[in-house]
Asker: 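This is the structure I want to talk about, given as structure tokens.
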Amino acid sequence: MIQNPVLKGFNPDPSILRVGDDYYIAVSTFEWFPGVVIHHSKDLKNWHQVSRPLKTTELLDMRGNPDSGGVWAPQLSYADGKFWLIYSDVKVVKGPWKDVTNYLTTCETIDGDWSKPIEMNQSGFDPSLFHDDDGRKWFVNMVWDNRVGHHNFAGIALQEYDPQQERLIGEPQIIFKGTNVKLVEAPHLYKINGYYYLFTAEGGTLFHHQETVARSRNLEGPYEVHPDNPLITSFHHPEIRLQRAGHGSLVDTQNGEWYFAHLTSRPLPDETQSILDDRGYSPLGRETAIQKIEWNNDWPYVVGGNYPKDEVEMPDLPEVTWPSDYPIVDDFDESTLNHQWNTVRIPFDEKMGSLTERPGHLRLIGGGSFHNHFSHSFVARRWQALNFEAETKVAVNPISFQQQAGLVAYYNTSNWTSIHVTWDPELGRVIDVLHCDRGELARPLREMVPVPNEVEYVYFRVNVDQAEYYYSYSLDGEKWNVIDTTFDSRQLSDEYVSQKEGGFFTGAFIGVNCIDTSGRKLVADFDYFRYEEQN
């Protein structure tokens with residue numbers, strides 16, 4: 001059986017693709033760099049990370065991007081002997097506008113160097129490219145309407161792409177305006193048995209989310225909606241484990257079986273609220289699940305009903321497993337970062353740090369604060385479970401209160417916590433804790449902890465247990481001292497942060513950072529990072 005979700009932690013908006021015997025899923029990364037994560041499988045059950053294609057600033061420049069801006073809903077396809085990747089870079093998320101540019105890049109191999117990006121259009125987000133069986137290529141995206149008195153989601157636009165001219169040609173036309181659920185987005189086109197099938201997402205990305213399917217004999221429509229729409233939703237099943245189901249894509253196996261990859265989440269319940277009013281909070285973000293599809297009268301149906309299942313029958317393929325994508329303990333012995341690691345908006349480079357200046361260490365050079373959208377020194381990985389322990393060991397000698405380095409639990413610039421070494425005019429080098437909740441900063445530690453001069457390394461640890469997490473520190477790696485403050489994991493979630501100002505769409509991360517707003521370029525050397533999931 002396939003155990004859902006197949007991609008745990010922040011891995012939303014899956015675009016699934018089969019090339020021969022190989023399966024790929026591309027997912028959104030929003031403001032996290034490198035952009036887009038591509039996972040690979042042989043059996044739809046076991047997946048491993050195989051590519052981070054948008055790893056240069058030529059392909060993706062997100063300096064200054066807002067929280068939850070950046071890469072939305074990439075789409076992966078294969079034609080003419082190469083992979084095609086369509087992606088958005090969203091620069092504005094608040095207010096009446098969604099300033100976005102959609103791009104195309106290609107590569108002959110999934111893990112190679114992708115081509116210089118081609119700018120496609122700017123009319124809306126969630127773009128994708130359809131390769132028709134006559135050789136023509138068609139670009140679709142949702143259209144954003146900023147006009148007062150109009151619904152922002154104006155429908156799905158279709159326009160031809162000319163690969164020789166490397167540009168869109170002709171005029172775009174709206175081919176589908178969605179249903180009365182509204183918020184139609186995430187278009188994917190398929191041609192199956194003489195029908196063009198248009199898969200779209202509707203209802204927003206919280207608990208009303210769903211996948212809507214329509215079909216037509218003609219590419220330009222008109223499109224008729226599935227008689228038993230939606231294809232999938234969690235809305236009518238508040239008690240199930242997998243919520244927020246929708247936004248997905250279709251794939252067939254070598255043996256003619258069909259599957260649907262879609263986003264979902266596993267919210268922690270709010271025990272003070274009715275399950276009908278508030279289904280909880282998802283610090284793991286939106287994840288990727290897979291459902292089996294059957295066909296009836298040339299319409300797709302999720303096997304067992306139109307809601308997500310925890311377990312799904314595997315395709316008739318041999319099972320192929322992979323080594324873990326990341327070591328439990330990263331000793332920073334390599335010259336490049338393991339691909340579990342991410343940075344916010346900007347790439348890891350010599351301005352941010354080094355893996356060779358002090359062998360066996362990740363060196364971070366002090367950058368901007370957590371609120372900085374342009375420059376910082378922060379390296380982090382996804383939470384992929386709600387029970388885990390993470391630990392690091394850092395050598396750092398701040399000489400100003402404007403300097404700090406340590407361990408961070410992070411959702412976005414306004415929602416995070418940090419335990420770190422900093423400097424106090426009276427005590428010298430000290431351990432302190434900060435908590436940023438919806439932009440409000442607090443210091444929960446009653447008294448800062450002095451660090452003796454003879455101590456080179458300070459150890460930090462975080463323990464996450466479902467809805468709660470707490471920090472500890474050690475001066476020798478053996479005796480640990482628990483910080484007497486418990487933090488709420490749910491504060492690191494889309495649902496908590498707010499959907500009122502353009503939406504928030506990521507998930508919780510854990511990582512290490514070095515801040516220096518004095519301009520002295522504080523150096524912090526991290527000896528290892530351990531991330532270990534627990535039962």
Side-chain angles (χ1 to χ4, degrees), residues 1-7 11-28 36-51 73-79 82-86 110 126-133 138 140 186-193 195-201 211-215 226 230-232 242 245-264 287-296 298-304 306 308-309 311-320 322:
M1 302 293 286
I2 295 172
Q3 305 295 324
N4 279 320
V6 293
L7 303 180
N11 283 289
D13 309 327
S15 171
I16 193 167
L17 169 70
R18 178 174 66 86
V19 180
D21 296 336
D22 295 289
Y23 296 85
Y24 302 98
I25 290 178
V27 296
S28 300
V36 180
V37 185
I38 300 177
H39 303 267
H40 171 235
S41 177
K42 288 284 191 179
D43 56 16
L44 294 179
K45 175 181 179 180
N46 301 286
W47 295 84
H48 69 122
Q49 190 179 138
V50 71
S51 178
Q75 187 253 352
L76 187 64
S77 60
Y78 186 83
K82 59 185 176 182
F83 292 93
W84 306 66
L85 180 67
I86 300 287
I110 197 70
D126 290 3
S128 67
L129 188 65
F130 170 62
H131 309 269
D132 209 342
D133 51 19
W138 298 89
V140 287
H188 292 270
L189 273 168
Y190 306 91
K191 191 173 186 181
I192 304 167
N193 294 334
Y195 282 104
Y196 291 96
Y197 290 88
L198 179 60
F199 281 61
T200 63
E211 184 75 6
T212 290
V213 177
R215 75 181 185 189
H226 195 304
L231 177 71
I232 194 169
L242 300 178
H247 193 138
S249 54
L250 193 65
V251 72
D252 64 333
T253 72
Q254 306 93 303
N255 303 319
E257 299 174 273
W258 290 87
Y259 286 83
F260 178 69
H262 64 94
L263 70 76
T264 190
E287 307 172 283
T288 288
I290 289 179
Q291 307 298 326
K292 191 167 187 179
I293 294 294
E294 58 189 0
W295 292 84
N296 185 9
D298 288 321
W299 287 108
Y301 288 82
V302 172
V303 172
N306 68 338
K309 317 300 187 304
E311 291 189 338
V312 175
E313 182 184 355
M314 279 183 62
D316 184 20
L317 296 170
E319 186 169 347
V320 179
W322 311 95

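Count residues from 1 along the sequence. Values below: every heavy atom of this structure, side chains too, minus hydrogens, waters and symmetry copies.
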Asker: What I'd like to find out is whether the side chain of Asn11 reaches to under 4.5 Å of the side chain of Val6, using heavy atoms alone.
Answerer: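 The answer is no; the side chains never approach within 4.5 Å.
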Asker: Only one of Leu317, Asp316, Ile293 passes side-chain contact (heavy atoms from CB on, under 4.5 Å) with Glu257; say which it is.
Answerer: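 Among Leu317, Asp316, Ile293, the one meeting side-chain contact (heavy atoms from CB on, under 4.5 Å) with Glu257 is Asp316.
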Asker: Between the side chains of His262 and Gln291, does any donor sit under 3.5 Å from an acceptor?
Answerer: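 A pair is found: one side chain offers a donor N or O, the other an acceptor, under 3.5 Å apart.
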Asker: Could you work out, with side chain to side chain donor-acceptor pair (under 3.5 Å) as the rule, every residue matching Thr288, not counting sequence neighbours?
Answerer: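 Testing Thr288 for side chain to side chain donor-acceptor pair (under 3.5 Å), a comparison that skips the adjacent residues, returns none.
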Asker: For Asp252 and Arg18, what are the C-alpha separation, side-chain angles and deciding distance, and is it a side-chain contact (heavy atoms from CB on, under 4.5 Å)?
Answerer: CA-CA 7 Å; Asp252 64 333; Arg18 178 174 66 86; 3.7 Å; yes
Asker: Looking at Pro14, is its backbone amide N or carbonyl O close enough to the side chain of Ser249 to form a donor-acceptor pair, meaning the two atoms are under 3.5 Å apart?
Answerer: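 Judged by distance alone, yes, a pair lies under 3.5 Å.
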Asker: Tell me every residue that passes side-chain contact (heavy atoms from CB on, under 4.5 Å) with Tyr24, counting only those two or more places apart in sequence or in another chain.
Answerer: Val19, Asp22, Ile38, His40, Val50, Leu76, Phe83, Ile110
Asker: Could you pull out all residues at least two apart from His39 that satisfy ring pair (Phe, Tyr, Trp, His ring centres under 6.0 Å)?
Answerer: none
Asker: Looking at Lys309 and Val303, would you say the former's side chain and the latter's main chain have a donor-acceptor pair under 3.5 Å?
Answerer: yes
Asker: Applying salt bridge (Lys or Arg N to Asp or Glu O under 4.0 Å), can you list everything that pairs with Glu319, at least two apart in sequence or on another chain?
Answerer: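 Per chain and number, Glu319 pairs via salt bridge (Lys or Arg N to Asp or Glu O under 4.0 Å) with Lys45.
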Asker: Any heavy-atom pair between the side chains of Glu311 and Gln3 that's under 4.5 Å?
Answerer: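 When only atoms from C-beta onward are counted, Glu311 and Gln3 do touch, with a gap below 4.5 Å.
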Asker: Take a 6.0 Å sphere around CG of Asn255 and say whether it holds more than 12 heavy atoms from other residues, nucleotides or ligands.
Answerer: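 More than 12 heavy atoms, drawn from other residues, nucleotides or ligands, come within 6.0 Å of this atom.
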Asker: Tell me, please, which residues at least two apart from Glu287 pass side chain to side chain donor-acceptor pair (under 3.5 Å).
Answerer: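 With neighbours one apart ignored, the set is Arg266.
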Asker: With Tyr301, which residues qualify under ring pair (Phe, Tyr, Trp, His ring centres under 6.0 Å), at least two apart?
Answerer: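 Scan of Tyr301 (ring pair (Phe, Tyr, Trp, His ring centres under 6.0 Å), adjacent residues dropped) gives His226.
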Asker: Judged by atom type as modelled, is there a donor-acceptor pair below 3.5 Å linking the side chain of Gln75 to the main-chain atoms of Leu129?
Answerer: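 Yes, the answer is positive, given that a donor and an acceptor are paired below the 3.5 Å cut-off.
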Asker: Can you sort out the partners of Asp21 under salt bridge (Lys or Arg N to Asp or Glu O under 4.0 Å), two or more places apart, ordered by chain and number?
Answerer: none
Asker: How far apart are the closest heavy atoms of Ala289 and Thr264, and which atoms are they?
Answerer: CB-CG2, 3.9 Å
Asker: Ser41 side chain to Asn46 main-chain N or O, any donor-acceptor pair under 3.5 Å?
Answerer: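 At least one qualifying donor-acceptor pair exists.
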Asker: Nearest 0.5 Å, please: how far is CG in Leu189 from OG1 in Thr200?
Answerer: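 Rounded to the nearest 0.5 Å, the OG1-CG separation comes out at 10.5 Å.
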Asker: Please give me the minimum heavy-atom distance between Asp43 and Pro318, naming the atom from each residue.
Answerer: CB-O, 3.6 Å
Asker: Do Ser15 and His188 touch side chain to side chain, with heavy atoms closer than 4.5 Å?
Answerer: yes
Asker: Which residues pass the side chain to side chain donor-acceptor pair (under 3.5 Å) test with Thr253, not counting sequence neighbours?
Answerer: none
Asker: For the pair Tyr195 and Trp295, evaluate ring-ring contact (aromatic ring centres under 6.0 Å, His included) and give the outcome as yes or no after the intermediate values.
Answerer: CA-CA 13 Å; Tyr195 282 104; Trp295 292 84; 9.4 Å; no
Asker: Is there a side-chain contact between Leu7 and Trp47 (heavy atoms, below 4.5 Å)?
Answerer: yes
Asker: Ignoring hydrogens and geometry, is there a side-chain-to-backbone donor-acceptor pair from Asp126 to Pro187 under 3.5 Å?
Answerer: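 Between the backbone of Pro187 and the side chain of Asp126 there is no qualifying donor-acceptor contact (under 3.5 Å).
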Asker: Hey, could you give me the CD1/CZ distance between Ile86 and Phe130, rounded to the nearest 0.5 Å?
Answerer: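 Between Ile86 CD1 and Phe130 CZ, I get 14.0 Å after rounding to 0.5 Å.
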Asker: Not counting sequence neighbours, which residues clear ring pair (Phe, Tyr, Trp, His ring centres under 6.0 Å) with Tyr190? List them please.
Answerer: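 Checked Tyr190 against ring pair (Phe, Tyr, Trp, His ring centres under 6.0 Å); matches are Phe199.
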Asker: Suppose we screen for salt bridge (Lys or Arg N to Asp or Glu O under 4.0 Å). Which residues come up paired with Glu294, at least two apart in sequence or across chains?
Answerer: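 Salt bridge (Lys or Arg N to Asp or Glu O under 4.0 Å) check on Glu294 returns nothing, list empty.
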Asker: Test of understanding: with ring pair (Phe, Tyr, Trp, His ring centres under 6.0 Å), list the residues that count as partners of Trp84, not counting sequence neighbours.
Answerer: His131
Asker: Between Val27 and Asp13, does the side-chain contact (heavy atoms from CB on, under 4.5 Å) criterion hold? Intermediate values first, please.
Answerer: CA-CA 5 Å; Val27 296; Asp13 309 327; 6.0 Å; no
Asker: For Asp298, enumerate each residue passing the salt bridge (Lys or Arg N to Asp or Glu O under 4.0 Å) test, keeping only those at least two apart in sequence or located in another chain.
Answerer: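 So Asp298 forms no salt bridge (Lys or Arg N to Asp or Glu O under 4.0 Å) with any residue.
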Asker: Under the criterion side-chain contact (heavy atoms from CB on, under 4.5 Å), which of Asn306, Leu250, Val213 is the partner of Leu231?
Answerer: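 For Leu231, the side-chain contact (heavy atoms from CB on, under 4.5 Å) test succeeds with only one of Asn306, Leu250, Val213, which is Val213.
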Asker: Can you check whether Tyr259 reaches Pro315 side chain to side chain, under 4.5 Å on heavy atoms?
Answerer: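 Yes; the side chains approach each other to less than 4.5 Å.
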Asker: Is the backbone N or O of Ile290 less than 3.5 Å from a side-chain atom of Asn4, with the two atoms forming a donor-acceptor pair by type?
Answerer: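 Yes, the answer is positive, given that a donor and an acceptor are paired below the 3.5 Å cut-off.
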